[in-house]
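Comments concern the structure below.
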Amino acid sequence: MGLVKHLAIAVVSTGFMVLATSAQALSLSLKYERSIGSPGFAPGQLFVPQGITVDSAGNTLVSNGRGLNPDGSFNPNIGNKVEVFNPQGEYIGAIGRGGTGPGEFDEPSALEISPQTGNLYVGDVFNNRVNVYDPQGNFINSFGSFGGLIPGRAFFGPSGVTFDQQGNVYIGDFSGDKINKYTPDGQLLASIGTSGTAPGQFQGPAGVRISPVSGNFYVSDQFNNRVQVLNPAGDPILTFGTQGTGLGQFNQPIGIEVDEFENIYVADSINSRVQVFDKNGNFLTAFGEPALDASGGIVPPPQLGEPPFGDPLDLTPGRFNWTGGTAYKDGKLYVGDFFQGRVQVLKVEGRNEVPEPSSMLSIGIFGMGIAAAKWRKNRQQKSAIS
């Protein structure tokens, strides 16, 4: 159970009700429901699921990683497609294939479906672009140009994808430390953010979501180990999180989701967990723990050039070897188990809207009025008796 600070009402010995800072319990929790996919390289198996989304029919679409030969060279016939699973988690097909041609991938990353058109937008890392497909999976076009690899960063290119109510698409430029705004057909309109550590600046904007409630931007700022909230104009209004392993701290957050109550779900990647916050950045709950070996030690992530799986795998529900891509749909959170080749589906329980401080204030003032009236009545009764 999480705690959210708000103005609340306290009763003192005189009988007055006064306003005080206290904590309101919010019973939001995450519960493991099932897994989608399994680790491997065969059709329907997954490795390094960087992007996840769920379509209107309940199908789960997962970006499957970049296939490599044993010598580390690119193998277009391994992965490099969007794998599709039906609502029951059964593999039903794929979108795209490996390569450099139209509609082909060289490492698909974040992906999202336009609410206006149903078209699918998928980041294509090494081809340095975004690929667009219609609802039937047919290729439409590619657009964009993104920053290249920066020393010390294992990822680059297009990161988070999200849409505003006008259908414009916003895509994170991970190495460019900014978020680009495009028309639905890919014309660049503007950019948000610059490189740095100040509010409104980024070092690896990994996940980007626009709130369905306020239109605010929620961004997982990976190498600044924080979450930033910006208003619809792109101005920073809230920053929370620091580097660490404690509750409310992050170690390179990647995926981010926002629900209909503006609760914020963050894939805290290297800490192998998901953390949940209210819209004001107050910690609510956490779920997940690192994968363990037979002796109880934490399984390390694979090294560059090794197969993209932890050794050994620990497929216990709730265990992750890094959390990666995420999706939120109809009260369920989908979380990529980055180096264990699966997506864990979590049921969100106890979602509710946190009262605004102004409403709590009005309750407090109303309560003070009742208490004052009761005090006056008691005084009058005592005067009559005396």
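- For the pair Val169 and Tyr121, the tightest heavy-atom approach, listed with the atom from each and the gap, is CG1-CE2, 4.2 Å.
- Between Phe163 and Tyr182, the gap from one ring centroid to the other reaches at least 6.0 Å.
- In this model, a donor atom of one side chain and an acceptor atom of the other lie less than 3.5 Å apart for Gln50 and Glu107.
- Side chains of Asn224 and Gln222: a donor-acceptor N/O pair is absent below 3.5 angstrom, by distance only.
- The side-chain heavy atoms of Lys347 and Leu30, taken from C-beta on, include no pair separated by under 4.5 Å.
- Annotation: Phe174 is in aromatic contact with Phe155 [ring centroid separation under 6.0 Å].
- Side-chain contact annotation: Asn131 with Ser142, donor-acceptor N/O pair under 3.5 Å present.
- Side-chain atoms of Thr197 and Gln203 form no donor-acceptor pair, as typed in the model, at a separation below 3.5 Å.
- In terms of modelled atom types and a separation under 3.5 Å, the side chain of Asp268 and the main chain of Leu247 share no donor-acceptor contact.
- Here the side chain of Asp124 pairs no donor or acceptor atom with the backbone of Asn128 at under 3.5 angstrom.
- A continuous path of Ile, Leu, Val, Met, Phe, Trp and Tyr side chains, each step under 4.5 Å between heavy atoms, connects Val276 with Leu346, placing both in one hydrophobic cluster.
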Item checked: Audit row: Phe156, Phe126, ring-ring contact (aromatic ring centres under 6.0 Å, His included) steps and yes/no -> CA-CA 9 Å; Phe156 62 97; Phe126 287 91; 5.3 Å; yes
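- Put simply, the side chain of Val132 does not reach to within 4.5 Å of the side chain of Leu120, judged on heavy atoms.
- Proximity of a side-chain donor or acceptor of Ser175 to a complementary backbone N or O of Gly148 within less than 3.5 Å is detected.
- A donor atom on one side chain and an acceptor atom on the other are found under 3.5 Å apart for Glu112 and Thr53.
- For the residue pair Glu257/Thr326, the side-chain donor-acceptor check at 3.5 Å is satisfied.
- Residues satisfying the ring-ring contact (aromatic ring centres under 6.0 Å, His included) test with Phe146, not counting sequence neighbours, are none.
- For the residue pair Pro253 and Arg226, the shortest heavy atom distance occurs at CG-O, 4.0 Å.
- Looking at Asp55 and Leu61, their side chains come closer than 4.5 Å, going by heavy atoms from C-beta outward.
- When the side-chain hydrogen bond (donor to acceptor under 3.5 Å, both in side chains) test is applied to Tyr328, the partners found at least two apart in sequence or on another chain are Glu260, Arg351.
- Looking at Ile192 and Leu230, their side chains come closer than 4.5 Å, going by heavy atoms from C-beta outward.
- The other members of the hydrophobic cluster of Phe339, by chain and number, are Phe41, Phe47, Val48, Ile78, Ile270, Phe309, Leu313, Leu315, Trp322, Phe338 (side-chain heavy atoms under 4.5 Å, ILVMFWY only).
- Contact check on Arg319 versus Glu289 returns a salt bridge, with a Lys/Arg side-chain nitrogen under 4.0 Å from an Asp/Glu carboxylate oxygen.
- Listed by chain and residue number, nothing satisfies the side chain to side chain contact (heavy atoms under 4.5 Å, CB included) test with Asp311 (two or more places apart in sequence, or in another chain).
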Output a table of donor-acceptor pairs, distance under 3.5 Å, between side-chain atoms of residues 87-95 and any protein atom two or more places apart or on a different chain; print 'none' if there are none.
unit_1: Glu90; atom_1: OE1; unit_2: Asn86; atom_2: ND2; d: 2.7
unit_1: Tyr91; atom_1: OH; unit_2: Glu83; atom_2: OE1; d: 3.0

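- Tyr170 has its side chain out of reach of Asn180: every pair of non-hydrogen atoms, C-beta onward, lies at least 4.5 Å apart.
- The two residues Arg129 and Pro158 have their closest heavy-atom pair at O-CG, 3.6 Å.
- Taking 4.5 Å as the limit, every side-chain heavy atom of Val227 sits out of range of all side-chain heavy atoms of Thr239.
- Looking only at distances, a side-chain donor or acceptor of Asn75 sits under 3.5 Å from a matching main-chain atom of Asn77.
- Between the side chain of Asn216 and the backbone N or O of Ser211 there is no donor-acceptor pair closer than 3.5 Å.
- By the 30° and 60° cut-offs, the orientation of the rings of Phe240 relative to Phe277 is tilted.
- Asn119 and Tyr133 share no donor-acceptor pair across their side chains, judged by distance under 3.5 Å alone.
- Within the structure, salt bridge (charged side-chain N to carboxylate O under 4.0 Å, His left out) contacts touching residues 321-332 (residues at least two apart or in different chains) are Glu33-Lys332.
- The closest side-chain heavy-atom distance from Ile171 to Ile179 is not below 4.5 Å.
- A single hydrophobic cluster is seen to contain both Val345 and Phe85, as judged by linkage of ILVMFWY side chains at heavy-atom distances under 4.5 Å, directly or through other members.
- In this structure, the side chain of Asp177 does not engage the main chain of Gly193 through any donor-acceptor pair within 3.5 Å.
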